[in-house]
Amino acid sequence: MPRYRWRLRACALALLLVCLPYSAAFAHCFVGARFFPATLAVDDPCVADEMSLPTVSWSRTGDVPPATEWDVSAELSKRITEDLGISIGDVWTQIRQPGNPTLAGFADLETTLQYQLMKNDEHETAMLLGLIVDWGGTGAINSGIATPYSTLTPTYYFGKGFGDLPEDAGALRAFAVTGQVGYQFPTSSYDVAGGSYIPQVLVYGGSIQYSMPYLKSEIQDYQLPDFINHLIPIVEAQFATPVANNYGNSPVTTGTINPGAIWVGSYFQVGLEAQIPVNRASGTGVGVLGQLHLYLDDMFPTTIGQPLLGGTTALPRKLSF
Amino acid sequence: MRTPIAIISALSMSLAATGAHAHAFLDHASPLVGSTVPTPPHELSLSFTQNLEPAFSTVEVTGPGGARVDQGKPQISGNTMRVGLKPSGPGSYHVHWHALSVDTHTTQGSFTFHVGQ
């Protein structure tokens, strides 16, 4: 990748961090008493001011012989208004396969525009619409890591906590699920260089999570060690199924199932998951995915942790039940 | 990859300089969340992970009959909220709280404790 492009990206990120105006606002993904953590493989159902830096994964591809793949990514999410947000992110990838030259470079730059459809505190439910755009020609095309064409993926996200179950449900009320489904359109239907059709792909996934913080503060305080009380054990799953314009390509669904845990602090969270491929086309053996995620709204509550528009510096209204 | 390190450093320095705060999570309660105590408590105490804004943090406690048993406005000092409880009988008590941390982040929650069951 040309060095000037990396510098340009770094400058853009730095400008976003230092130049956002003072306004005001609130939280990351709180819905009533439920906190949905930022998940690693799929997205949480809220617009927010947050940053994943870095997300690192190691896996082996489904090729024969398998190639070893490292991915290092960063993503910045920023609210424009209370309900409208935008994210920008990129991935640096290195692929080593025995007998072949090492490939490395940036994938295409990815942006996501998201709108918060609803949040229902009582039922711990959130819904979100998003448009993910991978901007073709912005990454390492020559190494095959990026593409010359763009893709657009309208996506629906949801989250549901089970705190509204009857109290008799006890500890089951600490469970929550999230999910997302999107349809990926490429801006070109045929890859001339590769001599293959570019499919339209259904991209979907979700998570089931158990909140130890919720168990402690809403259901039963077992006076467990503090470290345990900050954990959210989680299983994520992500899949992609080609559904159209797939002539001559494999029709196989690919994906991974990721068991792991997220430790939630006041200003950041740390997540670690295994990546288990669902079939040979999805990878070889178990990979690893880790992430440091920063809550910008908590770290910088009066500056970049607030929406760009519609914020207020006035004192909040008196709360009432 | 020097730029990400520089960004992390800048974030760390900014965080230290602003003395940032965060959402106020319920750290512990007395009586404990979900616990059973032998006699009705005279006071409910809630401790949070952040200091609270007294004017905008509230708690409501309802007793076994569904009537409010808290004695009104809670006393708030730092990260602790206390409210007196009216004498009441055995049964389940429901606590519902709203907290505003000093940096204007709101949180809310509810839980139950039991008396003499």
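Reckoned from all heavy atoms, side chains included, excluding hydrogens, waters and symmetry mates. A, B, ... follow the sequence lines: proteins, then strands. Residue 1 opens every chain.
With rounding to the nearest 0.5 Å, the separation of OG in A/S217 from CZ in B/F48 is 9.5 Å. How far CD of B/Q108 is from CD of A/E218: 8.5 Å, rounded to the nearest 0.5 Å.
Heavy atoms of A/D121 lying under 4.5 Å from chain B belong exclusively to its side chain.
A side chain to side chain contact (heavy atoms under 4.5 Å, CB included) with B/H23 is found for exactly one of A/F30, A/Y267, A/F35, A/Y295, namely A/F30. Looking at A/K216, A/Q223, A/Q220 one by one, the single match for side chain to side chain contact (heavy atoms under 4.5 Å, CB included) with B/L32 turns out to be A/Q223.
Taking a 6.0 Å sphere around CZ of B/F113, one finds it holds more than 12 heavy atoms contributed by other residues, nucleotides or ligands. By the 6.0 Å contact criterion, CD on B/Q75 is open, its count of non-hydrogen atoms from other residues, nucleotides or ligands being 12 or less.
Residues of residues 24-31 of chain B placed with any heavy atom under 4.5 Å of a heavy atom in chain A are listed by number as B/F25, B/L26, B/D27, B/H28.
Shown here for B/G109 and A/A33, the closest heavy-atom pair between the two residues is CA-CB, 4.0 Å.
Not counting sequence neighbours, A/Y214 has no partner by the ring-ring contact (aromatic ring centres under 6.0 Å, His included) test.
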